[in-house]
Enquirer: 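Before I ask anything, let me first share the structure, which is written out below as structure tokens.
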Amino acid sequence: MDRATRDQLVLDHLPLVGYLVSDLCMRVTNADREEMAAVGALALVAAAGSYDPQRGVPFGAFVRIRINGAFADEMRSVDWATRGTRRRIRETRQVRDSLAQALCREPSTDELAAALGVSRSEVEATLQDASRRVSPLDELTAQMIADQSEGPEDALFARERAETLRHAVEALPERMRRIVRDLYFGDKTVKDLAAELGCTHSAVSQQRSEALRLLRDAVEPRVTGLPTVPGTRHSRVAADRYQRYMADFEQAAARPVAAGLEGGLRDGQPRPAARTYA
């Protein structure tokens with residue numbers, strides 16, 4: 001099969017990728033639509049390159065299997081949940097949908113707990129797990145942590161970015177700061193931190209996600225040079241807590257560079273100046 005034919009197959013079946021992504025996002029709660037669309041498109045291109053019409057299998061059926069297989073591989077590679085957790089999420093969603101149809105409204109948490117025969121706290125924890133997303137360090141933050149500079153000017157910029165990140169972490173509330181420091185600059189796992197802090201795995205993950213959003217709000221304008229649009233932010237904390245964090249960050253960033261390099265993330269010691277408002 002020549003290249004022109006393969007390219008035409010890709011163009012003709014791009015809508016199939018969108019359909020399969022939509023179907024996946026309706027069935028699972030931890031799939032990012034844009035990421036899955038990229039995975040599906042790559043699988044489509046790969047399938048067009050390896051397709052052999054002599055085998056008598058229609059390309060539509062062939063590529064559907066390849067795309068769904070790529071989705072499954074991607075989901076397994078980033079999934080944080082065990083099979084038991086996924087089963088609880090699936091059962092809770094099924095019962096919630098059944099109650100919603102019977103009651104003609106969304107059931108309350110207590111109604112869900114009664115129907116499932118579990119406690120209210122278990123239902124709340126399951127619903128929180130169902131809404132979770134994997135939140136690794138984003139590309140911008142990763143670039144600031146890993147110095148891949150090639151010259152003196154790049155080294156200076158990398159140092160400035162790393163220092164900005166240190167100040168942003170320094171200004172985090174105490175618990176968030178500890179979670180970020182231990183997970184990304186130490187060698188602890190979410191499970192380790194949950195045991196040390198006396199909370200659930202889900203609670204640590206939620207605090208980590210919110211910490212990363214706050215870091216992005218603080219660091220992104222300084223690194224990219226783009227102005228901040230009033231009223232837009234990544235963080236979901238209350239406005240007053242958000243303003244306190246940004247004020248603490250500006251105060252930390254105003255200190256000399258050496259102050260940030262002598263302690264904090266590098267030696268693992270807590271910053272006494274940071275607030276504990278979360």
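The chain is numbered in sequence order, starting from 1.
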Enquirer: Atom CZ of R93 and atom OG of S98: how far apart are they, to the nearest 0.5 Å?
Expert: 12.5 Å

Enquirer: Partners of F59 by ring pair (Phe, Tyr, Trp, His ring centres under 6.0 Å), sequence neighbours excluded?
Expert: H13, Y51

Enquirer: Do M176 and V169 sit in one hydrophobic cluster, given that two such residues count as connected whenever their side-chain heavy atoms are within less than 4.5 Å of each other, even indirectly?
Expert: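 Yes: a chain of side-chain contacts under 4.5 Å links M176 to V169.
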
Enquirer: Are any non-hydrogen side-chain atoms of E250 and H167 less than 4.5 angstrom apart?
Expert: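 A side-chain contact is absent here, since even the closest heavy-atom pair is not under 4.5 Å.
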
Enquirer: State, to 0.1 Å, how close L214 and S235 come at their nearest heavy-atom pair, and which atoms those are.
Expert: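 Heavy-atom minimum between the residues: CD2-OG, 3.3 Å.
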
Enquirer: Among L193, V180, L183, find the residue that satisfies the side chain to side chain contact (heavy atoms under 4.5 Å, CB included) test when tested with R208.
Expert: L183

Enquirer: How long is the straight-line distance from CZ of F71 back to CG of L20, given to the nearest 0.5 Å?
Expert: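 Interatomic distance, L20 CG to F71 CZ, rounded to 0.5 Å: 5.5 Å.
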
Enquirer: Check step by step if side-chain hydrogen bond (donor to acceptor under 3.5 Å, both in side chains) holds for Q101 and D97.
Expert: CA-CA 6 Å; Q101 286 185 338; D97 292 343; over 6 Å; no

Enquirer: Among residues at least two apart in sequence or on other chains, which ones pass side chain to side chain contact (heavy atoms under 4.5 Å, CB included) with A43?
Expert: I67, A70

Enquirer: R33: which residues meet the salt bridge (Lys or Arg N to Asp or Glu O under 4.0 Å) condition with it, sequence neighbours left out?
Expert: none

Enquirer: If a pair satisfies side chain to side chain donor-acceptor pair (under 3.5 Å) and one of its residues is in residues 113-122, list it, with sequence neighbours excluded.
Expert: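 Sorted result for residues 113-122: D110-R120, S119-S121, S119-E122, R120-E124.
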
Enquirer: Which residues pass the side chain to side chain contact (heavy atoms under 4.5 Å, CB included) test with D192, not counting sequence neighbours?
Expert: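 K188, T189.
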
Enquirer: My understanding is that only residues two or more places apart in sequence, or in another chain, count here; which of them pass side-chain hydrogen bond (donor to acceptor under 3.5 Å, both in side chains) with D240?
Expert: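 Per chain and number, D240 pairs via side-chain hydrogen bond (donor to acceptor under 3.5 Å, both in side chains) with no residue.
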
